[in-house]
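Keep in mind that this is a model prediction, so the values were computed, not measured. For this chain, numbers begin at 1 and follow the sequence in order.
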Amino acid sequence: MSDSLRALSVTLVAEPKQVRNFTLTQWRIAELVPGDQGECVLNLQLYMTERAAYRFNLTSPTPRLFVRAGFTGQTPKPSAITASQDVAAGWLDGEQQVLEAPMPMAIHVWIEHYLARQGEAPVETRKKKRKGAGRGKETPTKEQPQ
């Protein structure tokens with residue numbers, strides 16, 4: 001397996017929830033473990049462009065992994081996993097179900113090593129424009145003698 005790819009086994013469980021007179025089924029991740037022995041195996045791929053999001057997640061009080069599980073309102077079928085909250089937010093914007101679970105310590109350590117090998121994402125700063133940039137320059141015009 002490459003240094004930026006890990007297999008994770010995901011097990012989902014349905015829990016009935018009573019809301020007023022309705023019974024709703026709420027899905028959650030019952031088990032999320034490294035390896036490929038579970039009922040659903042997903043590959044966690046790390047990307048250089050997401051390094052800042054990984055660092056943000058790792059420094060939070062409870063680092064999480066996010067699982068894309070199909071469209072909202074349907075029975076969840078896990079199809080992707082990420083450690084980036086930015087990617088998970090994009091899935092939610094696309095009306096996908098996103099389930100989350102605490103990050104296993106082995107994955108936490110693996111991501112830390114990935115960030116140490118690849119380096120932290122560069123801090124983006126705005127460059128100063130040179131003086132007068134973006135302004136229309138007045139060009140002197142010759143006045144016609146009358």
Contacts under 3.5 angstrom, residues 67-76 side chains, donor-acceptor by atom type, not counting sequence neighbours:
{"unit_1": "Arg68", "atom_1": "NE", "unit_2": "Ser79", "atom_2": "OG", "d": "3.1"}
{"unit_1": "Thr72", "atom_1": "OG1", "unit_2": "Glu95", "atom_2": "O", "d": "3.1"}

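- For Asp36 (side chain) and Ala7 (main-chain N/O), no donor-acceptor pair under 3.5 Å exists by modelled atom type.
- For the side chain to side chain contact (heavy atoms under 4.5 Å, CB included) test, residues two or more places apart in sequence or in another chain that qualify with Ala14 are Thr25, Trp27.
- Residue pairs meeting the salt bridge (charged side-chain N to carboxylate O under 4.0 Å, His left out) criterion with at least one member in residues 104-115, sequence neighbours excluded: Arg55-Glu112.
- Side-chain atoms of Pro34 and Ile107, non-hydrogen and from C-beta on, do get closer than 4.5 Å to each other.
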With side-chain contact (heavy atoms from CB on, under 4.5 Å) as the test, would you mind laying out the steps for Leu115 and Leu58 before giving the verdict? CA-CA 11 Å; Leu115 292 174; Leu58 292 179; 3.9 Å; yes

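- Between the side chain of Arg117 and the backbone N or O of Asp3, at least one donor-acceptor pair lies under 3.5 Å.
- In the hydrophobic clustering of ILVMFWY residues, with side-chain heavy atoms under 4.5 Å counting as a link, Met48 and Ile111 come out together.
- Taking CG of Leu8 as the reference point, atom CE of Met103 lies at 9.5 Å (rounded to 0.5 Å).
- Listed by first then second residue, pairs satisfying salt bridge (charged side-chain N to carboxylate O under 4.0 Å, His left out) with a partner in residues 96-111 read Arg64-Glu100, not counting sequence neighbours.
- For the atom pair OH of Tyr114 and CD of Glu50, the computed distance is 9.5 Å after rounding to the nearest 0.5 Å.
- The minimum heavy-atom distance between Leu5 and Trp110, with the atom names listed, is N-CZ2, 3.5 Å.
- Between Pro16 and Thr23, the shortest heavy-atom distance links the atoms CB-CG2, 4.0 Å.
- In this structure, Leu65 CG and Ser84 OG are separated by 11.0 Å, a value rounded to the nearest 0.5 Å.
- Separation of atoms OG (Ser9) and CG (Leu32) is listed at 8.5 Å; rounding is to 0.5 Å.
- Residue Leu24 is found in a hydrophobic cluster whose other members, listed by chain and number, are Val19; membership requires side-chain heavy atoms under 4.5 Å apart, directly or through intermediates.
- Clustering ILVMFWY residues whenever any of their side-chain heavy atoms sit less than 4.5 angstrom apart, transitively, puts Phe56 in a cluster other than the one holding Leu44.
- For residues 7-34, the salt bridge (charged side-chain N to carboxylate O under 4.0 Å, His left out) pairs, not counting sequence neighbours, are Glu15-Arg28.
- Through direct or indirect side-chain contacts shorter than 4.5 Å among Ile, Leu, Val, Met, Phe, Trp and Tyr, Met105 is connected to Val109.
- Considering OG1 of Thr82 and CD of Gln45, their distance stands at 10.0 Å, rounded to 0.5 Å.
- Side chain of Tyr54 to backbone of Tyr47: a donor-acceptor contact under 3.5 angstrom is found.
- Rounding to the nearest 0.5 Å places CD of Gln97 at 10.5 Å from NZ of Lys77.
- Tracing side-chain contacts under 4.5 Å through hydrophobic residues (I, L, V, M, F, W, Y), one never reaches Val13 starting from Ile29; they form parts of separate clusters.
- The side-chain hydrogen bond (donor to acceptor under 3.5 Å, both in side chains) check on Thr59 picks up nothing, with sequence neighbours excluded.
- For the side-chain hydrogen bond (donor to acceptor under 3.5 Å, both in side chains) test, no residue two or more places apart in sequence or in another chain qualifies with Gln85.
- Cluster note: Trp91 groups with Phe66, Val87, Leu92, Val98 through ILVMFWY side-chain heavy atoms spaced under 4.5 Å, whether in direct contact or through intervening members.
- What you find for Leu12 and Pro78 is that their closest heavy atoms are CD1-CG, 3.6 Å.
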